[in-house]
Amino acid sequence: YMSIYARAFDISLPVRASTQRQRVMAPLVDLFNHGNVNSSYQFNSIKSQFELITQTSYQPGDEVLLNYDPKNNADFLIQYGFVIENNEH
């Protein structure tokens, strides 16, 4: 369960006249490491694609990071298998 949960994303999908939250797998997106960056993700239903959005400028060769949301180390350990030194949460 945790192997899948740690690699899945909650997104809003259109269902009839409303939206519904779904937990989905997004191939390759689970390879992004966590970082203290301003980032988000969404499913673009018009283009039928998963999109990553960041406010961070990157140069060629830089590691692109994804913020896994503010969590305490117990949550990081349980959900992702790592902890953050000097975690403020």
Side-chain angles (χ1 to χ4, degrees):
Y1 171 80
M2 289 311 294
S3 294
I4 293 171
Y5 185 86
R7 290 169 174 77
F9 296 84
D10 289 321
I11 61 171
S12 294
L13 293 173
V15 178
R16 298 187 190 114
S18 65
T19 59
Q20 185 178 46
R21 298 290 290 170
Q22 295 285 326
R23 194 139 182 95
V24 300
M25 299 292 288
L28 301 177
V29 179
D30 66 314
L31 298 176
F32 286 85
N33 286 321
H34 169 75
N36 189 18
V37 295
N38 185 0
S39 65
S40 61
Y41 57 87
Q42 67 184 17
F43 181 76
N44 183 324
S45 59
I46 294 169
K47 295 180 179 180
S48 294
Q49 66 187 23
F50 191 89
E51 298 174 339
L52 295 174
I53 300 128
T54 181
Q55 302 301 315
T56 303
S57 296
Y58 291 98
Q59 298 298 317
D62 287 351
E63 179 181 14
V64 178
L65 301 170
L66 182 64
N67 191 319
Y68 295 178
D69 294 326
K71 297 182 184 330
N72 61 44
N73 275 340
D75 288 338
F76 273 122
L77 184 59
I78 291 168
Q79 294 178 12
Y80 305 110
F82 68 87
V83 296
I84 297 173
E85 187 174 345
N86 301 319
N87 187 352
E88 61 187 51
H89 301 286

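For reference, positions follow the sequence shown, starting with 1.
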- [ ] Tell me whether the centres of the aromatic rings in Phe76 and His34 are closer together than 6.0 Å.
- [x] yes

Task: More than 12 heavy atoms of other groups within 6.0 Å of Ile53 CD1 - done: yes

TODO: Step by step, work out the side chain to side chain contact (heavy atoms under 4.5 Å, CB included) result for Asn36 and Asn67.
DONE: CA-CA 6 Å; Asn36 189 18; Asn67 191 319; 4.1 Å; yes

- [ ] Using the six-membered ring wherever Trp is involved, compare the ring planes of Tyr41 and Phe50 and label them parallel, tilted or perpendicular (cut-offs 30° and 60°).
- [x] parallel

TODO: Tell me, please, which residues at least two apart from Asn86 pass side-chain contact (heavy atoms from CB on, under 4.5 Å).
DONE: none

Open item on the list: Minimum heavy-atom separation for Val29 and Phe9, please, with both atom names.
Closed with: CG1-CZ, 3.3 Å

- [ ] Please confirm whether the backbone N or O of Tyr80 pairs with a side-chain atom of Tyr68, one donor and one acceptor, at under 3.5 Å?
- [x] no

TODO: Would you check if the side chain of Asp30 reaches a backbone N or O of Met25 as a donor-acceptor pair within less than 3.5 Å?
DONE: no

Task: Close side-chain approach of Thr54 to Val64, heavy-atom, < 4.5 Å - done: no

Open item on the list: Just so I know, are the side chains of Leu77 and Phe82 near enough to count as touching, which here means a heavy-atom distance under 4.5 Å?
Closed with: no

TODO: Using atom types as modelled and distance alone, determine if a side-chain donor or acceptor of Asn87 lies under 3.5 Å from a backbone N or O of Ile84.
DONE: no

- [ ] Report the residue from Leu31, Val37, Asn33, Leu52 that forms a side chain to side chain contact (heavy atoms under 4.5 Å, CB included) with Leu66.
- [x] Leu52

Open item on the list: Hydrogens and angles aside, do Glu51 and Asn44 bring a side-chain donor and acceptor to less than 3.5 Å of each other?
Closed with: yes

Open item on the list: Working to the nearest 0.5 angstrom, can you tell me the gap between Ser48 OG and Phe43 CZ?
Closed with: 4.5 Å

Open item on the list: To the closest 0.5 Å, what do you measure between CD (Glu88) and CG (Asn72)?
Closed with: 12.0 Å

Task: Rounded distance (nearest 0.5 Å) linking atom CG of Leu65 with atom CG of Asp62 - done: 9.0 Å

- [ ] Sorted by first residue and then second, give each ring-ring contact (aromatic ring centres under 6.0 Å, His included) pair with at least one member in residues 10-30; sequence neighbours left out.
- [x] none

- [ ] Sorted by first residue and then second, give each side chain to side chain donor-acceptor pair (under 3.5 Å) pair with at least one member in residues 12-24; sequence neighbours left out.
- [x] Asp10-Arg23, Ser12-Arg21, Gln20-Gln22

